[in-house]
Structure formats: C-alpha cells, structure tokens
2 protein chains.
Amino acid sequence: MSDVRPPTLDTVAEAAGVSRATVSRVVNGTARVSPRVHAQVENAIAELGYVPNRAARNLVNRRTDSIALVLREPDATVLADPYLGSMIIAISRALADTTFQLVLVNARNDSKHGTLADYVRGGHFDGVLLASMHTDDPLPGVLVGSHVPTVVSGRPEHPIPGLLFVDSDNVGGGRLATEHLVSLGRRRIATIAGPPDMTATPDRLAGFRAALADAALPEGPVAAGDFTHPSGERAMAELLDRAPELDAVFAGNDMMAAGALRTLRARGRRVPDDVAVVGYDDIDLAHHTEPALTTVRQPVDDAARTMVDLLIGQINGEPGGESVVLPNELVKRDSA
Amino acid sequence: MSDVRPPTLDTVAEAAGVSRATVSRVVNGTARVSPRVHAQVENAIAELGYVPNRAARNLVNRRTDSIALVLREPDATVLADPYLGSMIIAISRALADTTFQLVLVNARNDSKHGTLADYVRGGHFDGVLLASMHTDDPLPGVLVGSHVPTVVSGRPEHPIPGLLFVDSDNVGGGRLATEHLVSLGRRRIATIAGPPDMTATPDRLAGFRAALADAALPEGPVAAGDFTHPSGERAMAELLDRAPELDAVFAGNDMMAAGALRTLRARGRRVPDDVAVVGYDDIDLAHHTEPALTTVRQPVDDAARTMVDLLIGQINGEPGGESVVLPNELVKRDSA
DNA sequence: CACCAAAATGAAAGCGCTCTCATTGCGGGC
DNA sequence: GCCCGCAATGAGAGCGCTTTCATTTTGGTG
C-alpha cells in the first residue's frame, strides 16, 4: 500500500545524467561503456538501490528465468519417502548459482489453472524438471511435443525422442546389492520389488536376476511392495511364508527394507545372522534401523546437478545434450 | 528455437472480431460482456489455445504472483531432518489452490545475486515465507522494514512489530510430553534440548520444567543437542553418565530421540521398561524406531495453511492478521 | 417515436525493460 | 586542417497486458 515505486531504469538514467539505454548496458554488461559513465551509473544504482524489474525483463526477453520442478505424486504415501525431499534440496542447491528460480509445482494432475499440462506449457517456465515419474504419465510426451525443454529424473519406460533423462544405474545397483549377498555366502535370496510403474523397479529386478544367474543360483522369490514401510512389512511376511528357508532379502528401497527388518524381528529371525538385508537409496533412516542398513546409495547431488546442466543447455539451445546414467555405490553397514 | 509465437490477446481479439480490451475482460471476468461476445471470445481462446502471458500481466499489475519459501539452513545437518521436507510439501499443497507460485529459495546467505536480503527485497516476490529461522537472523527484520509481506514459521525470539508468525505451542508440547512421563510414574526425568538459537528449544524446555514443577519433581538434567541423530546419541550418553539413575527422557525432536534410543540399547537399558523416551515432531522415522516412538505431533498441515492464509491476507492488504500458535498432540506408541 | 441513462465496447496510454538504428564525438591518416 | 572510421551514446519502438476514458449500442420511458 506504500505508494513509493521502486526506482526504474529511467530514474537511474536521470540521476546519472545518461540515457536509459546506457544504464541498461551497464546493468547487463552488454556493450562497452566509457569508464567515466560506467562509474556514474554504478553510483546512481547503488544510491538508489536499483534492482531490475524481472517482469519487464521477462516480457521483452521472452524468458521467465524460472524452471519448474514438477512432483508427480498424487498420493501422500510416496511423499513420505525422504528420498524425494533430498532430491528437491539437491536441485535447489544446483540451481543456486544460476539465475534461474526454482518453482515447485505439486501436481495432482490438474489442481491449478486447467490441466497441469496446459499450465506448464503456458510459458510460465523456461524449462521443466520432472521427478518421480510413472511409466504411464503422458506429461513428458506432451512437454516434448510442445517444445518445452524438459529433463526427467529416471529412465522413461519407452524412450521419447528428444526427452532427456538422468537416471542412476538401477540394473547395476540391483546387481551390486545381490552380488554382495552372494559374496556373503547367501544362496536363497529373495527380493521385495517396488511399484511396477516406475522403471527403477524392473531395472533393479533385472540386476537382481542377472547377479543370481551369474552365480548360478536359482531365481529367488519376488514380492511386490509400493516403496512404503508397511508394504515392506507385508511383503516380507509373504516372502517368509512362501520361502521360509530364505537367507537374504534385497529390498527395492530403504523404506521397505526397514519394514522388512521389523517383520523379520517379529518372526524371530536375526539380521544379518539368519537373514541378510540390503536396501536401496541410503536415506537417513538407513543409519537408524536396527541393525543399520546395508544399502545402495544413489548419487543424488550428481544427478541433480546433471539434470540442471542438461536442462539449462536445452534452454540455451545448446546442441548435444545426452541422457545420463550415473553409477551407484554399495554402502556396507550391519544388515548384510 | 521455434519461431512461432504463442497467441496474444490481439490474436484472440482478431479471431473473435472484438477488441483486445474485451478479450481481457472475459479472460479476467473483470467486467460484464454480452453473452454473445463472451462466447465468441471463449471459442477463439479455446481454438488458439491462448494462455495469458504472465510477465506482461505482472508488469502492469505490479505483482509477481509468486511467493518465496526461504529455507534458512546453511548447513546440511539440519536439512537431514525430514521435518523440513514435510513443511515444504505442506506449503506447496496449501498454495496449490491459489494463483501463487511457490519459489524455493535455498539460502546460504548470499549465494544468488548479491545479498539474499536484496534479492528477496528486489520485488521478485509478492511475499515471503521463512522456515527454520534462527534467533539471530536479521532477515525477517529487514523484510518487514522493506514492507515485504512476510510470515515466519516459529516464534521469533524478540517480537518484531508487523511480523506475523505461526508456531505450534512448544511450551504446551514440552508439558504434554513431560506430563505423560510423570503419569507413567517416572520420577527422574531428563531432557535432551535442541539448538538454543531456535525458540522452540527454550519453549519446550519451559514446558518440561513447568510440568516437573507441577508434579513437585526435582528439575532433571538437561543435555544439549543440535537436532541431529548423532547429537542425540552423545547427549544420551552424557545424561547417563551424569544421572545413571534416570528413568525417562524427553528429547527435543524425534531424530535425537532415535539417537538416544540407540545409546540406551548400547548401554543395556530397556525402553520403555528401564527408561521411557518421548520425542517430538512425529516424523516418519518415529514409526520405525525400536521401540516405536511416543512423540509430540505438530500440526504441519494446519501450520502451512495458516501461514499461507496470513501471507495472502497481507499481500492483499487485508487488515487484522494475527500470529497464531497451534496446539500439539501427544502420540502414544511404545517408547513411553 | 424520440430521448436519455446504463450497458457494452473500443482506443490508447502506459507498466519497465531491451535492442536496433541513428547520431554524436573522437582520434588518426593524409 | 579535413575527412573517415569507429567507439560511445541516445532516441524510440515494442514486448503483451490492464485500465481509464470516450464512444457506441441498447433498452426503457414518456
């Protein structure tokens, strides 16, 4: 309600005794300006506390200088997984050194103005980062079709021409976890898989099976979970019923691994003595379970930085961006 | 790189055979338009897929339609606490039904363009939400001084005129936890306090002491932590050394409670039989510790919604916003 | 049927910025 | 001393929108 308007380019120009164009030039460093004039302008800017008006700038430049982070999680269950939170923080950090703002778009499909797809396509953002994608989600296709620079986290089920993604090597991760169990001498290895509509699930499963095959071990039983703690408890119970003699479990994420741990304890199985357990993600919780979880760590910070770099490259029209698959790492603790 | 520009008001106007002003009116519902013309315009909009240009709108309206969520956490340690993540999600959800965008500003003091304070003051946002404040942070004062609508999460140490905050009743929460321990018959009750530079810490401590006084119990030992898991382990060890006979602990958050649990187990104390433990926050982890944590739940969703409502009220110049303190709730599980 | 108020619409002025194009100023080569 | 070329600067158009103000249309009344 204060009616004092912030200084504009013209204000500064007048104060410095030059034209608006010149001030613009020094603000943007876009052309040479004589040292004397440059100093005058700088002084005027400092004195008036001038800050460029973003809207005006965006209008003429046809850029918004902001990128959307779309979280595709209709149900709160998966939001409980701190992995997503760490992703958000990592992306925000990766963006901190750029001029881009991070806009969080919490997307239950069409909450905002009309469809989410329309909203995102509506030129509100220079680019879009998609996290926690499901295989049947049409959004990435729509965005690419609308020429909106887009990078998704996690390999899409079907490659979409022009869609870049950053993923961690889930096949390798599944293999890493399973090979570790094998190296421990375990022979009856089961797995708790994640939701089938995220590619991480089949990928980790593929790594699991490949490692088993390499070790000439029979394919262990598979139970399905949905990345939540309770689903891990249930899946473990199911596994125990189906294969009471199992001596190891590879869980599709740490949350489910924690659930499995609880079921194992309830059933009187000691971990890792009777049953070894390996999780996935290395979320904070992995330190706190009893026993502490051996798990596969994903390079969240690297992934975030890579996504941001790829996206900005696309926004700037640089050629040659390529999807990236980052390696994972086994973190050995006490559960296996 | 595509050179086809999106449709503008003029495009639509021409297609509908009316003036730009009229189209603007139907888009904004700002004035009456005859039904026939209205329909024509709607058709044209639908056909062309017109979406208003946000920058142009912002320029003339002097609004950005976006609000900043500033996370004031220089060190990653506190970021590991999922409480913050749940806050982010809750705020994002609370904003989903409004026209405002949520911009995440991850603020290690002056990463972006110049000082954070300047950046935030630079008119990039209509309002600011501050989370995880520390008592010595000058930012809220600066913002209020610059007439930037601001709402902070958590009571500031010294009331700042014009600064609204939303907090949960930490004194009451500390009391709730402690009274529960007292009601369990515990008599030697210790506490692990959080970082002293957040008001939640002295407040919870005050509640703790008040409850002890009410029960005519001596003031128990206090150890200091920093809200992290390791600090909880250390603080518990210290407490055990100083007061080996203690039979209950109230921890300033769940993370430290989990650490305390681990130390207790290592020292051979059974929970809750030998030592009862109560945490604070009811983060997801509270379900997964062994035993599951009894804890104080903060109304995160309510708090988020309240913050958003207050902020939007301020932005719209509505009078009469008041700081709010929300009640907490004791969640009984197995640790006490 | 003429008249006037009210309703509907249009014309146009900016919002603050960038950038093209034109103009000015300057030094050096002849 | 004059002219040319380049560096420095300024003038001004326009980005897409909202909004005031003027104008046209409409419809009710005498």
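From a predicted model like this one, the values you see are computed outputs, not experimental measurements. Throughout, a chain's letter reflects where its sequence line sits, starting with A, and its residues are numbered from 1. Basis for what follows: all heavy atoms, side chains included, without hydrogens, waters or symmetry-related copies.
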Exercise. Sequence neighbours left out, what passes side chain to side chain contact (heavy atoms under 4.5 Å, CB included) with A:Asp10? Give chain and number order.
Key: A:Thr8, A:Arg20
Quiz item: How long is the line joining CG of A:Asn28 and C1' of C:dC17, in whole Å?
Solution: 9 Å
Practice problem: Rounding to 10 degrees, work out the angle separating the end axes of the helix from C:dC1-D:dG30 to C:dC30-D:dG1 (five pairs an end). | Solution: 50°
Exercise. Answer yes or no: does atom CD of A:Glu318 have more than 12 heavy-atom neighbours from other residues, nucleotides or ligands under 6.0 Å?
Key: yes
Quiz item: Side chains of B:Asp126 and B:Thr64: is there a donor and an acceptor less than 3.5 Å apart?
Solution: yes
Quiz item: Can you tell me if the side-chain N/O atoms of B:Asn61 get under 4.0 Å from OP1 or OP2 in D:dC17?
Solution: no
Exercise. Go through A:Leu69 and A:Val103 one step at a time and tell me if the side-chain contact (heavy atoms from CB on, under 4.5 Å) criterion holds.
Key: CA-CA 6 Å; A:Leu69 172 55; A:Val103 177; over 6 Å; no
Self-check item: Length of the line joining A:Leu9:CG and D:dA11:P, which is rounded to integer Å
Solution: 14 Å
Practice problem: Carefully, step by step, assess A:Ser92 and A:Leu95 under the rule side-chain contact (heavy atoms from CB on, under 4.5 Å). | Solution: CA-CA 5 Å; A:Ser92 145; A:Leu95 237 23; 5.9 Å; no
Exercise. Using a cut-off of strictly less than 4.0 Å, decide whether B:Arg32 has a side-chain nitrogen or oxygen near OP1 or OP2 of C:dA8.
Key: yes
Quiz prompt | salt_bridge(B:Arg57, B:Asp65) N-O dist < 4.0 Å | solution = no
Quiz item: Counting only non-hydrogen atoms, which of residues 34-52 of chain A are less than 4.0 Å from DNA chain C?
Solution: A:Tyr50, A:Pro52
Practice problem: Return the set of residues passing side chain to side chain contact (heavy atoms under 4.5 Å, CB included) with B:Ser24 (not counting sequence neighbours), or none when no residue passes. | Solution: B:Leu9, B:Asn28
Quiz prompt | Contacts of type salt bridge (Lys or Arg N to Asp or Glu O under 4.0 Å), residue A:Asp137, not counting sequence neighbours | solution = A:Arg72
Self-check item: Separation of D:dG16 C1' from A:His124 NE2 (nearest whole Å)
Solution: 14 Å
Quiz item: Given C:dC15, is OP1 or OP2 found less than 4.0 Å from the side-chain N or O atoms of A:Asn53?
Solution: no
Quiz item: What are the two closest non-hydrogen atoms of B:Pro52 and B:Val27, and how far apart are they?
Solution: CG-CG1, 4.1 Å
Quiz prompt | Phosphate OP1/OP2 of C:dT18 contacted by A:Arg62 side-chain N/O (<4.0 Å) | solution = no
Exercise. Please list, by residue number, the residues of residues 10-25 of chain B whose heavy atoms come closer than 4.0 Å to an atom of DNA chain C; answer none if no residue qualifies.
Key: B:Val18, B:Ser19, B:Arg20, B:Ala21, B:Thr22, B:Arg25
Quiz prompt | B:Leu59 CG to C:dG14 C1', straight-line distance once rounded to whole Å | solution = 9 Å
Exercise. May I ask you to check whether B:Gln298 and B:Ser168 show a side-chain donor-acceptor distance below 3.5 Å?
Key: yes
Quiz item: Looking only at atom types and distance, does a side-chain atom of B:Thr306 sit under 3.5 Å from a main-chain N or O of B:Asp302, one as donor and one as acceptor?
Solution: yes
